[in-house]
There are 2 protein chains.
Amino acid sequence: MTASRTARERVRTELTREIVDIARRQLATAGAGGLSLRAVAREMGMVSSAIYRYFPSRDDLLTTLIIEGYNALGEAVERADAACPRGDHSGRWRAACGAVRDWALAHPHEYALLYGSPVPGYHAPQETIAARVRDVTVFGRIVADAHAAGAAAVRGPAVAPSLAADADRMRELMPGVPDETVFRALAAWSGLFGWVSFELFGQLENAVDERATAFARIVDELGAFLGL
Amino acid sequence: MTASRTARERVRTELTREIVDIARRQLATAGAGGLSLRAVAREMGMVSSAIYRYFPSRDDLLTTLIIEGYNALGEAVERADAACPRGDHSGRWRAACGAVRDWALAHPHEYALLYGSPVPGYHAPQETIAARVRDVTVFGRIVADAHAAGAAAVRGPAVAPSLAADADRMRELMPGVPDETVFRALAAWSGLFGWVSFELFGQLENAVDERATAFARIVDELGAFLGL
DNA sequence: TAAAAATCGAGAGCACCGCTCTTGACAAGC
DNA sequence: GCTTGTCAAGAGCGGTGCTCTCGATTTTTA
């Protein structure tokens, strides 16, 4: 019963899979706002209303795409980090940052879906928020490892007391790291995604041409900032 | 002729102005993708087709909104910077960064239009790219002034030779600043907008609660990074 | 094995969108 | 006063997300 699924169930998961794949392909060409259930149905040789048997609304399909996107990006970052020697913190930082940019350049519309402006009318459910931690976890581990090895020491004024709870929450991703380093890591992290977003969203047009080299320099700057 | 405009011309510029204002108000409530020419026309008591006498397409209306947005943000940053003593570089940096965040929080959808994912199907014309420099100019001036005063000195490896042209172009905004400082400034700049985008686009949900205090800390970190 | 229940695709339809084209009213300039 | 240019209005095209009904098919139950 549960092991050998009924034929209907099998074809259902197959069709669901196919819908998501087609939707992702359309996302890649038309962008998030251009994602059309009717177009997906057309490509599947279905009638538009039939899609609603599988996804009750366009937003639910979007949610699936977002979660799969976070996982794909997270996995890419994990792989890049794992390919480096554990003790080479700056190498891991560079590799992880490079993985973010590479993935973003390869899947620009998916990146926009994850880190760009929210799709109008779409309210992200809790599931997407949970899926988001995967890549951040890698960055946290790098910082934590570097700190444990004596690097990533931050001199500077103490963090405001009201930030203690936030720092504690962030520290779950980088155990043992003091508040000052936590916020410096956040600053570096936002620098990374800020730059990638700049590049993808056209902010570097007519400004920076040597994108790859400039990115490497920015990453090195941020890495040095982090004390790696 | 040119001085005392014809009644038709006067009512035309008035209506154009009204369309842009209503569009911006709708942008604020429905977001960029939710901007609808029909809805604008409805609110004006016009028929939808009449709008096309003033804006040949939805994209042209968007272009106007984007340019006005860049100018509004740029003006806010200019004002914040001008309110500080010229020699207080870290104060000016903090003020300018705060102006960006304040403006973004006050006009989230407009910020998304400027710095978020590009609107699907919309291709930004050159005019919008030109309008973009206004706030960046202020940041460049702060860095240049700080450097001239002996601050913002960067130690570190030389910038890759292939980045010379890009550095030169950026240096127009911060005269006299060496390559290393130029790219550090770019890193700080992307950290600022990265963080604001994180906050506005929901990336800090379930992560950072004390947004204002955390932002101040991030800005201080980036300012120290810049040597201000 | 036969009947009942659940599932599904198809189709029509609703209200909306951007955009185009035509038509008739009106004002500007000769 | 007449021509010319400008304008709002309206109908219409093809597209969207989404809902509802209907008939067919499959699964489950008796």
Side-chain angles (χ1 to χ4, degrees), chain A residues 1-20 22-23 26-27 29-66 113 118-123 125, chain B residues 1-20 22-23 26-27 29-66 113 118-123 125:
Chain A
M1 307 285 167
T2 327
S4 92
R5 326 252 301 283
T6 158
R8 194 167 242 165
E9 270 178 337
R10 259 186 298 116
V11 79
R12 183 173 227 287
T13 64
E14 238 172 60
L15 285 184
T16 306
R17 184 71 253 159
E18 193 179 342
I19 289 174
V20 174
I22 292 180
Q26 292 204 352
L27 189 75
T29 65
L35 180 63
S36 149
L37 289 188
R38 287 179 122 105
V40 173
R42 217 177 298 128
E43 192 169 334
M44 292 189 58
M46 257 179 164
V47 120
S48 72
S49 59
I51 297 279
Y52 289 85
R53 298 271 178 205
Y54 300 88
F55 290 93
S57 79
R58 182 171 166 275
D59 283 12
D60 289 84
L61 180 53
L62 262 183
T63 297
T64 301
L65 289 173
I66 289 175
L113 200 57
V119 179
Y122 173 79
H123 189 66
Chain B
M1 308 291 169
T2 326
S4 91
R5 325 253 301 283
T6 160
R8 195 167 240 163
E9 268 178 338
R10 260 186 296 117
V11 80
R12 183 172 226 289
T13 65
E14 239 173 60
L15 284 184
T16 306
R17 183 72 253 158
E18 193 179 340
I19 290 175
V20 174
I22 292 180
Q26 293 203 352
L27 189 74
T29 66
L35 180 64
S36 148
L37 290 188
R38 286 180 123 104
V40 172
R42 215 178 300 126
E43 193 169 332
M44 293 190 57
M46 255 177 166
V47 123
S48 72
S49 58
I51 297 279
Y52 291 85
R53 296 269 176 202
Y54 299 88
F55 289 92
S57 80
R58 182 171 167 275
D59 283 10
D60 289 85
L61 181 51
L62 263 183
T63 297
T64 300
L65 290 173
I66 289 175
L113 200 56
V119 178
Y122 173 79
H123 189 64

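Predicted model, so just to flag it, every value in this text is computed and none were measured. Quick note on labels: first sequence line is chain A, next is B, and so on, each numbered from 1.
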In whole angstrom, give the distance that lies between atom CZ of A:Arg8 and atom P of D:dA24.
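It is 15 Å, rounded to the nearest whole Å.
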OP1 or OP2 of C:dC8 sitting under 4.0 Å from any side-chain N/O of A:Arg12?
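For C:dC8, OP1/OP2 do have a side-chain N/O of A:Arg12 under 4.0 Å.
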Nucleotide D:dG17, atom P - distance to CG of A:Leu37 in whole Å:
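Between P of D:dG17 and CG of A:Leu37: 5 Å.
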Of B:Arg53 and B:Pro56, the one whose closest nucleotide on DNA chain C sits nearer the 5' end is B:Pro56
Are A:Tyr122 and A:Ile66 packed together at the side-chain level, in the sense that at least one heavy-atom pair is separated by less than 4.5 angstrom?
yes
Which sits closer to the 5' end of DNA chain C, A:Ala50 or B:Ser57, going by the nucleotide each is nearest to?
A:Ala50
Separation of atom CG in A:Asp59 from atom P in D:dT16, rounded to whole Å
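Distance, rounded to whole Å: 17 Å.
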For D:dT16, does OP1 or OP2 lie under 4.0 Å from any side-chain N or O of A:Arg42?
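For D:dT16, OP1/OP2 do have a side-chain N/O of A:Arg42 under 4.0 Å.
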Take the protein atom CG of A:Leu35 and the nucleotide atom P of D:dT16, then report the distance between them rounded to whole Å.
11 Å
Heavy-atom closest pair, residues B:Ile19 and B:Leu61:
CG2-CD1, 4.2 Å
Considering just the side-chain nitrogens and oxygens of B:Tyr52, establish if one lies under 4.0 Å of OP1 or OP2 belonging to D:dA8.
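So the side chain of B:Tyr52 is outside the cut-off, no N or O lying under 4.0 Å from OP1 or OP2 of D:dA8.
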In whole angstrom, what separates A:Phe55's CZ from D:dC18's P?
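Rounding to the nearest Å, CZ of A:Phe55 and P of D:dC18 are 13 Å apart.
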Contact class for B:Ile51 (heavy atom, under 4.0 Å): base, sugar-phosphate, or nothing?
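Nothing: the residue B:Ile51, judged by heavy atoms under 4.0 Å, touches no strand.
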Where the side chain of A:Ser49 is concerned, which of C:dG9, C:dA10, C:dA6 is the nearest nucleotide?
C:dA10
Name the closest nucleotide to the A:Arg58 side chain, picking from C:dG18, C:dG9, D:dC18.
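Of all the options, the side chain of A:Arg58 is nearest to D:dC18.
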How is B:Leu61 classified with respect to the nucleic acid when contacts are heavy atoms under 4.0 Å: base, sugar-phosphate, or nothing?
nothing
Taking atom P of D:dT6 as reference, at what distance in whole Å does atom CE of B:Met46 sit?
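Rounded to the whole Å, the gap is 16 Å.
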Rounded distance in Å - OH (A:Tyr122) to P (D:dG17)
16 Å
Side chain of B:Ser36 - closest among C:dG18, D:dG10, D:dG17:
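Nearest to the side chain of B:Ser36 among the choices is C:dG18.
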Heavy-atom closest contact (B:Gln26 atom, B:Val40 atom, distance)
NE2-N, 3.6 Å
B:Arg53 side-chain N/O to B:Arg12 backbone N/O, donor-acceptor pair under 3.5 Å
no
Nearest listed nucleotide, side chain of A:Arg38, among D:dG17, C:dC8, C:dG18
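For the A:Arg38 side chain, the nearest candidate turns out to be D:dG17.
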Please check if any side-chain donor atom of A:Asp60 sits under 3.5 Å from a side-chain acceptor atom of A:Ser57, or the reverse.
yes
To the nearest Å, give me how far apart CD (B:Glu18) and C1' (D:dA8) are.
15 Å
Does A:Tyr54 reach a base, just sugar-phosphate, or nothing at all? Heavy atoms under 4.0 Å.
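Counting heavy atoms under 4.0 Å across all strands, the contact made by A:Tyr54 is with sugar-phosphate only.
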